Structure formats: C-alpha cells, structure tokens
K.L.:
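Supplied in structure tokens, the structure appears directly below.
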Amino acid sequence: MHHSQINADIRKLIADGTVLPAHPLALTAERQLDKKHQRALTRYYIDAGSGGLAVGVHTTQFAIRDVGLYRPVLELAAETAANWTKRPLAMVAGLAGPTRQAVTEARTARDIGYHAGLLSLAAMKSASEDEIIAHCTAVAAEIPLVGFYLQPAVGGVILSSRFWQRFASIDNVIAIKIAPFNRYRTLDVLRGVAAAGALDRVALYTGNDDHILLDLMLPFDLRDKGVTTRTYFKGGLLGHWSVWTASAIKQFERCKQARHKDSVPADLLALDARVTDCNSAFFDVANNFHGCIAGCHEILRRQGLMQGLWCLDPKEGLSPGQKDEIDRVCREHADLSDDAFVAANLSKWLA
C-alpha cells in the first residue's frame, strides 16, 4: 500500500499533526488479554479526542509477538475504534524484528486496515546503515512507514543524520517519531529530513518525553549553505500520552496555537517542565526506565481503566520508590490529570 492510497482525510490528519497515544495492553491477573478493559482504553482515547492510535508498539509490549497476541490486539483496537466513532482516525501499527518478521507484520497490519507502520529498528543493532536502509525499504513496500528513533536505554540504535536523510528519501515514508531523548540526536533527524528535501512529505512527531511541549511549540531553524529552513514538529506519538490523555490533548492544542507567533506565553513554556516532572515518575527515570510500562499502568489502574499493573514479563513492574514518585506527581500536578473526565465516562467505556 502506497501513502497515496490512504483516505485523504486521514492522510491530511497525519500530515497536519495530531495526538497519537501509544496503546497499552490490559491483562488479567493470569496475564491473559483483558478484552473488556482493552476496549475501554481504546474508547477512552477516542472520546478524549485523539487523532488515532498506535498499537503493537513499545507501550503495548513487544512481547505480544511471543505469545500470539500481535494480530488479536491489533484487530481488537481496529474493531473497537470502527464501532465507536465514524470520525477519521489514523491507525498506526508497531512493526518489529528482522526483515522477514517486520514485512509479515506490515502485511498483517495492512490487511486489518491500519494506515501506517511504526518501524522499530531495535533488532538491527548489529546491521550496517546500508542493511538498515534495505530493511526499511522492504517494509515500506508493504505499508506507509513512520520512522522511529528509539532511545538507546530501551533498545534503540544510534543513527546518523546521513541515515535519516536516506530514510526520508524512501517514497513511502510519511512521518518520523523522534524519541532519542537527546537534543543533539533530535537535530540529526531534522537535518537529515531537510537534506532529503522531504519536510513537506514527512511529518515530524515527537516522542521525546523529556521535552514534549517544547518540541510541539518551538520553531527549529536548520542551516545549509547559508540558507535557513524553519520547521516544526507536527504532532506526537507517545507512551506518556497513554495516560491523562484528555489533558494532553488540551496541551497539544495550546502548543499548536503558540506556533508561528513572535512570542510564547511564559506559563506555557513553564508547563513543559511540569509535564516532564510527571513523566519522570511515570517512566521511572530514576531506574533507567525499567518501570516505564508499569508506571503508565499504575495511573490507568487508579482510574479504573485497568485492573492491575500486570505485564507479559513477570519481571516488569514498578521499581523501588516509583510508587512514591507517582504519588508525588499526582499530588503536585493534580490539575494536569483527567481523573474527572475518566470518572464521568468509565462505566460507558466498560460496557
């Protein structure tokens, strides 16, 4: 499937920028798929106003592939979304593994009705740049691609600006999630896309949880041979946005309104630090992100959107001290939560 075949409204949604929460995985105490709460999560993100969903990604747990849940989880999200709303939603499927696996997953996602694939390169750590580009090109032959610069702490590969220039030159690339949690490497991607002449075709999405709001509101000036090109992040695809989503969408809209202006309100700039503080607890920065998935689960459990923190890997859970940190940010940043919104709608989503 070529990106020209995507529904025009959805293609415009992705290109203009939107909120794409990374969909978690709801499990029972027996670590089996909890369909009731999984559906409730999908409905929550839609009613919060998300522009789409990212399913089968890191937040959904890559281990779904090892237990036969990849297709069922993607199908459940797609079916739930189609039955819950008629407005356009951008459905992005996580793609992982070596080339044969990633191509197979791309075909699966395409056949279910997903519009694009977010391609993890974690399995390509020992590959050369030429081999990685060949890998990406093969997968792009099956489905439009969203590139993924994943931070090394959770399995990402360090990639050069030249790599991103070559990647952005692949015709079926429509966006890149930039999530190295590193300003230098973030600029490498932007410079690469600009050098490919692809800024009009490839939408930039932040996944930088340490600077979410700044990425979304500030201009980036790129210089080449004395010529300045100004660009912006268009949207975000974030595990952080799997929680307090209704509030995150309001923040996103404020950031969009602040773009292209000569000044940005100081309180909006300062809000970036508060959001980052929340993320430090949810994503377990103190323990090198070990509890990042369980931390998001904890917020959803407190709201009733999940029954527990269970992950497919029994070793994954909250780190020592992480619950106290979550308690702290929930207390200090209570106005950033969407607890009231969830409480008012939870019974409907669980029905």
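What you see is a predicted model, and the numbers here were worked out from it, not measured in a lab.
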K.L.:
Treating Thr276 as the side-chain partner and Asp272 as the backbone partner, does any N or O pair qualify as donor plus acceptor under 3.5 Å?
P.N.:
yes
K.L.:
Can we say Arg328 and Asp277 salt-bridge, meaning some charged N sits less than 4.0 Å from an Asp/Glu carboxylate O?
P.N.:
yes
K.L.:
Less than 4.0 Å between a side-chain N and a carboxylate O, is that true for Glu129 and Arg166?
P.N.:
yes
K.L.:
Just wondering, are more than 12 heavy atoms of other shown residues or ligands nearer than 6.0 Å to NZ in Lys35?
P.N.:
no
K.L.:
Other residues, nucleotides and ligands only: do more than 12 of their heavy atoms fall within 6.0 Å of CG on Asp335?
P.N.:
yes
K.L.:
Checking the side chain of Asn172 only, and the main-chain atoms of Met1 only, is there a donor and an acceptor separated by less than 3.5 Å?
P.N.:
yes
K.L.:
For the side chain of Tyr45 and the backbone of His23, is there at least one donor-acceptor N/O pair under 3.5 Å apart?
P.N.:
no
K.L.:
Is Asp338 salt-bridged to Lys250, going by a charged N under 4.0 Å from an acidic O?
P.N.:
no
K.L.:
Write down the atom of Leu13, the atom of Ala90, and the distance for their closest heavy-atom approach.
P.N.:
CD2-N, 4.0 Å
K.L.:
Between Phe283 and Phe181, how do the two ring planes meet: parallel, tilted or perpendicular, split at 30° and 60°?
P.N.:
tilted
K.L.:
Would you mind checking if Lys12 and Asp9 are paired as a salt bridge, meaning a charged N to carboxylate O distance below 4.0 Å?
P.N.:
no
K.L.:
What are the two closest non-hydrogen atoms of Lys36 and Leu350, and how far apart are they?
P.N.:
CE-O, 3.3 Å
